[in-house]
Undergrad: 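One structure is given below, represented as structure tokens, and several questions about it will come after.
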Amino acid sequence: MILGFTLLQFYRKPIFAHKKELKVTQILDQLNEEQRSAVKATEGPVMVVAGAGSGKTRVLTYRIAYLLENGVDPFNILALTFTNKAAREMKERVARLVGPEARNVWMGTFHSVFARILRSDGHLLGYPSNFTIYDTDDSKSLIRTIVKELQLDKKVYTANTVLGRISSSKNNLINAQGYNNDDEITTADKAAGRPFTGKIYALYEKRLFQYKAMDFDDLLFKTNILLRDFPEILHKYQHKFHYILVDEYQDTNYSQYLIVKKLAANNENICVVGDDAQSIYAFRGANIANILNFKHDYPEVKLFKLEQNYRSTQNIVNAANGIIANNKEQIQKVVWTENSTGHKIPVIRTSTDSEEGRMIAGDIFETRMNEHCANKDFAILYRTNAQSRALEEALRKQNIPYRIYGGLSFYQRKEIKDLLAYFRLIINHNDEEALFRIINFPARGIGKTSQQKISIKAQEHDVTAWEVINHPHQYGLELGASVATRLHQFKTMIAGFASQLHKKNAYDLAKHIAATTGMIRTLNEDKTPEGISRFENLEELLNAINEFTNKAAAEGEEDKPRSLDIFMQDVALLTDQDNEDKNDTDKVSLMTVHAAKGLEFPFVYIVGLEENLFPSMQSLNTRADLEEERRLFYVALTRAEKKATLSYAETRYKWGNLIMSEGSRFLEEINEEYIDSNRMYNTSASAKNTPRHQGDRRGDTSSYKKIGGGTPDSSKFKKASALKKDTASYPDISADDIRPGVLVSHQRFGSGKVLHIEGEGPNKKATIFFKDAGEKNLLLKFARLKIIK
DNA sequence: GGACGTTCTGTTTTT
DNA sequence: CAGAACGTCC
């Protein structure tokens, strides 16, 4: 289980074990003049505008090292990043420069640092230190519950939309009351046909507080409230953090911006580093204006521009600059490089997504041979996580080891969330999402109806469900005798676990819980491949907890408590599995472009450059979104050191449907001179025969057509007996030929559709006729296969 | 009341 | 495709 390892490594790696390598005075010599000036300007506000590959992280880490070397107490430094990965890398690099004292610098993501502050001072806002952090799934689930309770139409009030509204409000420091009092907002909601969004927000806010839970946005929002309403706390942290550094400043939202501003207000020793051209998180509230307006906030600011790129070849830098030049909003700067011209950018055009995978796997194989490089020198970047499937398949076939970053996080898996829900409930009895998640899992005879009764009583008396379960009579909970007994047993079990929380270490307690609740048994009974994998995941989690428990000895932190609640604090924000151990892995990296920010690879493939995929369908609606999409492409390109390769597929399976598409506009926005004129085309007959769509497709979203079809995955095929029979009589063609097959044409046929699909081998041309032509659910079980050639 | 099977729906990026 | 919702049966 790939995802599991990463979790393990996080706890295994003794990151502060490094010995100091160099004196800071020595390392300063390694910097260019601008970088060195940025490092040395320790006092007062500083902004570093750092182009891609210009040594931004270097400046940040050296700056911290420089501060420490000049006698600044590590406890007085705060360094904020966006991802765990970035924080980790910075920690490692600083530790390498200055040795173990680096551990005392507060370095972490905005969310983790503020969570830490809230755990220590959140009691002033009425939160216990063991409050639960709700991830997006928890939040959505709570919203769905509320929508149901309010008897609203869940199709109108989808969890995504509602959470999006709430989230952006929180990021602009608007609470539910403010939301409902704001005419502009409520009018907009009414206009959108969702007049009750504010009501949902109010209930959502109330419930979270009742559950003693915070969602991701709350970690920022509540920190703001804390610093606003409790001056003594503000002073405490202002006094503590003499020096503040912020990475990726262009991605801060208003909420983050304000916290940083407040913390820095005392002595203004604030250094922000960023690149407006790499702002790719506007969708979650990032405000590019924060970096554009930094000068207004701090008129005394010293500005440094790092414009020399040390990473990429001239071709890549120039191509990337050309893309971004299409944008209107940007800080003027010229990113340049002294590196060699390098390869021109090849564009691979394929007919299907699986062929795209094959071509890239083949190219990796070849390049690895020719250039004598390792797997880890390659990265494949895509716009959406779903695109990884076809690539994985191709890499597996070529025996190229790979690692996927992101996607469905280990912690989002059902079996993991289930076990974690037990932990959550034990630590925080108010956590109702957790409670109802596991009250009847594994099944113990407390069904939906009983759960609803509990829920209703809790609301009637404005207490938590746990309170009702503890005193059923007091709240008039009426259940059948047997259900009442089972509920009592459940309560006793949870309470029993809770009493062990600080008696047993995390591993022993976790193991005890997994066994006692029947989770282990239930999962072990399922012998399907998925079931086995679920069981393994559970084991993986337990292993990770074991590592966590044993870590004390390894890192000389014997005094640190190793109880389950401490583990859960760490885990809550570890939502991306970014804990690559570079030393023992040699794998090709697969990830989204977003996840690739801050990384670099000698060889980078950017795949799925299709109109409506990259740039994404929704980004085509507004100029701002399209500009962000361009910046995203800019980020992707500039990850490459030696060579960037682009690719797109003309047809692709998406949500079980075959999708037709054309090359992305970005392919045409790159200046011809940087593109490899020997564009690599696939060699299949169809690609040669199919004329390239040359029409003006700017803004033409209709080119992205769903033409029906079904993914012939194994489970569907078992049911598709009709198809099997048909194919069985044609030894020349197998059902498997359909998927890698090339779409030749499609046409209406009565109420159905006919797809002409060409198989891979010689004489493998087939027609699939769909009997059922409903727009959706075109499953192969309704299909019949005919050899037409 | 609860287990189990079928149908429907939403589909970007992340802390 | 996966998860939720709905329907059916014991």
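Every chain is numbered from 1, with letters handed out A, B, ... down the list of sequences. FYI, side chains are in, hydrogens and waters are out, and symmetry mates aren't considered; it's all heavy atoms of this structure.
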Undergrad: Counting heavy atoms from C-beta on, name the nucleotide in C/dC1, B/dT15, B/dT12 closest to the side chain of A/H111.
TA: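 Nearest listed nucleotide: B/dT15.
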
Undergrad: Across the strands shown, which category fits A/I133 at heavy-atom distances under 4.0 angstrom: base, sugar-phosphate, nothing?
TA: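 A/I133: no heavy atom of the nucleic acid under 4.0 Å.
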
Undergrad: State whether A/N385 places a side-chain N or O below 4.0 Å from either non-bridging phosphate oxygen (OP1 or OP2) of B/dT13.
TA: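 Result: yes.
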
Undergrad: Judged by modelled atom types alone, do A/S167 and A/D217 share a side-chain donor-acceptor pair under 3.5 Å?
TA: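 Side-chain D/A pair, A/S167 to A/D217: present.
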
Undergrad: For A/K448, which contact category applies under a 4.0 Å heavy-atom criterion: base, sugar-phosphate, or nothing?
TA: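 Sugar-phosphate, no base atom in range.
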
Undergrad: If you check every side-chain atom of A/H594, which of B/dT9, B/dT15, B/dT14 has the closest atom?
TA: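 Nearest nucleotide to the side chain: B/dT14.
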
Undergrad: For the base of B/dT12 and the side-chain ring of A/F283, does the geometry meet a stacking cutoff of under 5.5 Å between centres and under 30° between planes?
TA: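 No.
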
Undergrad: For A/N160, which contact category applies under a 4.0 Å heavy-atom criterion: base, sugar-phosphate, or nothing?
TA: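 The residue A/N160 makes sugar-phosphate contact but no base contact.
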
Undergrad: Can you tell me if the side-chain N/O atoms of A/S112 get under 4.0 Å from OP1 or OP2 in B/dT15?
TA: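 False: A/S112 side-chain N/O out of range (4.0 Å or more) of B/dT15 OP1/OP2.
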
Undergrad: Mind checking what makes side chain to side chain donor-acceptor pair (under 3.5 Å) contact with A/T145, not counting sequence neighbours?
TA: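 Scan of A/T145 (side chain to side chain donor-acceptor pair (under 3.5 Å), adjacent residues dropped) gives none.
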
Undergrad: With a 3.5 Å cut-off and just heavy-atom distances, do the side chain of A/T136 and the base of B/dT15 make a donor-acceptor pair?
TA: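 It does, because a donor-acceptor pair links the side chain of A/T136 to the base of B/dT15 below 3.5 Å.
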
Undergrad: Rounded to whole Å, please give me the gap between CD in A/E248 and C1' in B/dT13.
TA: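 Rounding to the nearest Å, CD of A/E248 and C1' of B/dT13 are 15 Å apart.
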
Undergrad: Starting at CZ of A/R144 and ending at C1' of B/dT9, how long is that distance when rounded to a whole Å?
TA: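 Rounding to the nearest Å, CZ of A/R144 and C1' of B/dT9 are 12 Å apart.
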
Undergrad: Write down the distance between CD1 (A/I280) and P (B/dT13), rounded to a whole number of angstrom.
TA: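 Rounded to whole Å, this separation is 13 Å.
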
Undergrad: When you match A/A443 and A/T109 each to their closest nucleotide on DNA chain B, which lands nearer the 5' end?
TA: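 That would be A/A443.
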
Undergrad: Answer with base, sugar-phosphate or nothing: what part of the nucleic acid does A/Y281 contact at a heavy-atom distance below 4.0 Å?
TA: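 Sugar-phosphate contact only.
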
Undergrad: Tell me the interatomic distance from A/K85, atom NZ, to B/dT14, atom C1', rounded to whole angstroms.
TA: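 One finds 11 Å between C1' of B/dT14 and NZ of A/K85, rounded.
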
Undergrad: In whole angstroms, how far is the P atom of B/dT12 from the CZ atom of A/R630?
TA: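 Roughly 21 Å, once rounded to whole Å.
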
Undergrad: When you compare the side chains of A/Q151 and A/E149, does any donor N or O come within less than 3.5 Å of an acceptor on the partner?
TA: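 No, no side-chain donor-acceptor contact under 3.5 Å.
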
Undergrad: NA contact type, A/G480, heavy-atom cut-off 4.0 Å: base, sugar-phosphate, or nothing?
TA: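 No contact.
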
Undergrad: Below the 4.0 Å mark, does B/dT15 have OP1 or OP2 next to a side-chain nitrogen or oxygen of A/N171?
TA: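 No, because none of the side-chain N or O atoms of A/N171 sits under 4.0 Å from OP1 or OP2 of B/dT15.
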
Undergrad: With the side chain of A/F216 defined as its heavy atoms from C-beta on, choose the nearest nucleotide among B/dT15, B/dA3, B/dT13.
TA: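 Nearest listed nucleotide: B/dT15.
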
Undergrad: Take A/E629 and A/F110, find for each the nucleotide of DNA chain B with the closest heavy atom, and name the residue whose nucleotide sits nearer the 5' end.
TA: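 In this pair, the answer is A/E629.
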
Undergrad: Under the rule for side-chain contact (heavy atoms from CB on, under 4.5 Å), what residues qualify as partners of A/Q569, not counting sequence neighbours?
TA: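 Counting only residues at least two positions away or on another chain, A/Q569 forms a side-chain contact (heavy atoms from CB on, under 4.5 Å) with A/R119.
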
Undergrad: Check whether A/Y634 forms a cation-pi arrangement with A/R631 (NZ or CZ under 6.0 Å from the six-membered ring centre, at most 45° off the ring normal).
TA: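 No, cation not above the ring by the 6.0 Å, 45° rule.
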
Undergrad: Would you verify whether the NZ or CZ of A/K414 falls within 45 degrees of the ring axis of A/F441 while also being under 6.0 Å from that six-membered ring's centre?
TA: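 Yes, a cation-pi geometry holds between A/K414 and A/F441.
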
Undergrad: Closest approach to the side chain of A/K155, judged atom by atom: which nucleotide of B/dT9, C/dA5, B/dT13 is it?
TA: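 Nearest nucleotide to the side chain: B/dT9.
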
Undergrad: What is the distance from OH of A/Y634 to P of B/dT13, rounded to the nearest Å?
TA: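 After rounding, the reported distance stands at 24 Å.
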
Undergrad: Without decimals, in angstroms, what is the distance between A/N253 CG and B/dT13 P?
TA: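 Interatomic distance, CG of A/N253 to P of B/dT13: 20 Å.
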
Undergrad: Separation of A/D137 atom CG from B/dT14 atom P, in whole Å?
TA: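 Checked: the CG to P distance equals 13 Å.
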
